[in-house]
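Inspection log for the structure reproduced underneath, given as structure tokens.
All chains are named by letter (A, B, ...) in the order of the sequence lines, taking the proteins before the strands, and each is independently numbered beginning at 1. Since we're looking at a predicted model, the values are computed, not measured.
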Number of protein chains: 2
Amino acid sequence: MTKAMNSKRKKATKVRRRLSANDREQQIVEEAIHFFAEGGFGGQTRELAQRLNITQPLLYRYFPTKQDLIERVFNEVYINRINPSWATLLRDRTRSLHDRLGDFYRHYSEATYRYEWIRLYMFSGLRGEILNRRYIRIVEDTLLMPICEEIRDYCGWPSVDEKPITELELEQVWVMHGGLFYYAVRKHIYHSEVSDDFPAVVSQVVTTVLEGLQSRMSKGKP
Amino acid sequence: MTKAMNSKRKKATKVRRRLSANDREQQIVEEAIHFFAEGGFGGQTRELAQRLNITQPLLYRYFPTKQDLIERVFNEVYINRINPSWATLLRDRTRSLHDRLGDFYRHYSEATYRYEWIRLYMFSGLRGEILNRRYIRIVEDTLLMPICEEIRDYCGWPSVDEKPITELELEQVWVMHGGLFYYAVRKHIYHSEVSDDFPAVVSQVVTTVLEGLQSRMSKGKP
DNA sequence: AATATTGTTTATCATATGCTAAATTAAATT
DNA sequence: AATTTAATTTAGCATATGATAAACAATATT
């Protein structure tokens with residue numbers, strides 16, 4: 001029995017060695033995502049290696065420098081995370097704007113309100129990486145601006161062709177968007193207690209904002 | 001001329017040495033705030049010393065460990081930053097709730113939407129410091145809950161005595177609060193372009209939220 | 001002016017940390 | 001089975017980094 005266990009354990013301990021280059025690389029990236037998300041990019045390569053059950057120099061076989069690994073992590077987490085179908089969803093005027101926004105934030109939060117995503121994003125921002133500004137630009141152009149336009153339509157305001165979206169209109173949507181994002185910051189960065197019914201929060205907030213904007217409109221505020 | 005310049009330069013370089021212990025300590029804390037806010041708590045003590053024009057071991061005369069200095073920075077930045085008069089302001093029902101919230105966020109943002117405050121706060125959160133949760137608790141108890149109560153009154157809902165503030169009501173206010181806070185995150189962490197008229201943003205958001213909530217109420221949603 | 005006090009620097013230690021070169025060995029190829 | 005290929009480890013370099021002890025020197029005290 002002991003023999004069997006030993007051989008089994010041996011296998012369990014050693015069998016994972018000598019992966020194919022592709023598998024090992026992917027494994028490293030995967031673990032690096034968790035690792036850097038937890039402690040930031042100051043984390044030591046030796047500790048990362050330990051978590052992978054490999055030696056530290058092996059990391060350098062796959063990534064020439066730590067910075068290269070970090071950039072790979074960025075790519076893995078942030079590339080192609082914005083689904084183009086979301087913009088389509090938002091513009092679908094056969095549905096109520098309330099439902100569209102609810103659906104959108106359900107999808108959006110599933111993709112981005114994750115422990116790794118949120119934390120790496122904030123670490124990256126504090127580091128002064130270009131990533132965040134680039135991401136914000138995309139969010140603004142492909143998501144928030146369309147939302148502004150749908151709000152225009154919802155409230156019966158002039159179309160974008162007649163009058164471009166103003167800075168304040170965009171900021172209004174940013175506060176909603178940022179407020180919902182901040183829910184994830186409270187949860188994953190501060191480890192604070194938050195409501196466990198995020199869709200309910202979205203629904204309530206969206207209702208309030210839409211009703212509020214519509215009410216402002218009826219009082220003659222474009 | 002060269003002589004005069006030399007002696008002058010010498011003076012300029014050396015005259016600031018040998019401060020009183022109190023002055024030196026304060027000077028170190030002050031610089032440490034900027035230093036850690038920029039690069040995080042991983043910043044090297046040697047670099048901090050260089051910026052202070054002192055040698056690195058001198059830091060350890062005033063702070064036994066780096067961690068001690070960091071905690072001192074926390075105290076300096078976060079202790080007594082919440083002005084009790086804000087809660088009073090918020091409860092002053094002789095004024096419109098819109099004006100009260102506008103004033104409150106003017107004061108609150110002046111105190112906390114600062115480069116150092118925001119960044120140290122986020123660095124601290126990512127580090128897992130208790131600071132953030134403690135701060136959040138205070139914000140919730142002394143600011144957001146009162147706001148919830150005022151909203152109840154504003155909308156003509158039952159008082160808190162009759163029915164405690166629900167989780168969703170608090171979350172609604174958190175999204176507004178967090179959304180406004182996120183304005184500062186975009187500015188000071190992502191270095192993104194934001195509207196330079198924050199009071200206008202506040203005014204607009206507050207109007208929308210208040211109108212929206214009131215409108216929901218009139219449709220029978222407490 | 002001599003002495004005591006204390007703010008500051010010099011020199012240094014121990015460990016951490018990114019990274020490299022060469023040796024080793026598991027797996028693929030012949 | 002012998003040989004080649006390539007994944008992995010061992011050993012170690014160079015510099016970074018928090019921290020300490022002792023020497024030094026500006027200021028205060030006598």
Measuring centre to centre across the rings, with the benzene-like ring taken for any Trp, is B:Phe123 within less than 6.0 Å of B:Phe36?
no
Quickly work out the A:Leu59 CG to D:dT9 P distance and round it to whole Å.
10 Å
d(CD1, A:Ile54; P, C:dA26) in whole Å
17 Å
Separation of atom CG in B:Leu52 from atom P in C:dT8, rounded to whole Å
11 Å
Starting at atom OH of A:Tyr62, determine the distance to atom P of D:dA6, rounded to an integer number of angstrom.
12 Å
Protein-nucleotide distance (B:Arg24, atom CZ; D:dA26, atom C1'), rounded to Å
12 Å
Between C:dG7 atom P and B:Ile28 atom CD1, what is the distance in whole Å?
11 Å
Taking protein heavy atoms under 4.0 Å as touching, what does nucleotides 18-24 of chain C look like 5' to 3' if B marks base contact, S marks sugar-phosphate-only contact and - marks none?
BBB----
Would you indicate which nucleotide in D:dT9, C:dT9, C:dT8 comes nearest to any side-chain atom of A:Leu58?
D:dT9
Check: residues 139-146 of chain B side-chain donor-acceptor pairs under 3.5 Å, at least two apart:
{"unit_1": "B:Glu140", "atom_1": "OE2", "unit_2": "B:Trp174", "atom_2": "NE1", "d": "2.9"}
{"unit_1": "B:Thr142", "atom_1": "OG1", "unit_2": "B:Ile138", "atom_2": "O", "d": "2.9"}

Count the heavy atoms of every other residue, nucleotide or ligand shown that sit under 6.0 Å from CD of A:Gln50, and state whether that count exceeds 12.
no
Min side-chain heavy-atom separation A:Ile28-A:Ile54 under 4.5 Å
yes
Round to a whole Å and report the spacing from CZ of B:Arg61 to P of D:dA21.
13 Å
Please check if atom CD in A:Glu193 has more than 12 non-hydrogen atoms from other residues, nucleotides or ligands closer than 6.0 Å.
no
Is the closest side-chain donor-acceptor distance between A:Tyr121 and B:Tyr190 under 3.5 Å?
no
Rounded to whole angstrom units, what separation is found between the CG atom of B:Asp68 and the C1' atom of D:dT20?
15 Å
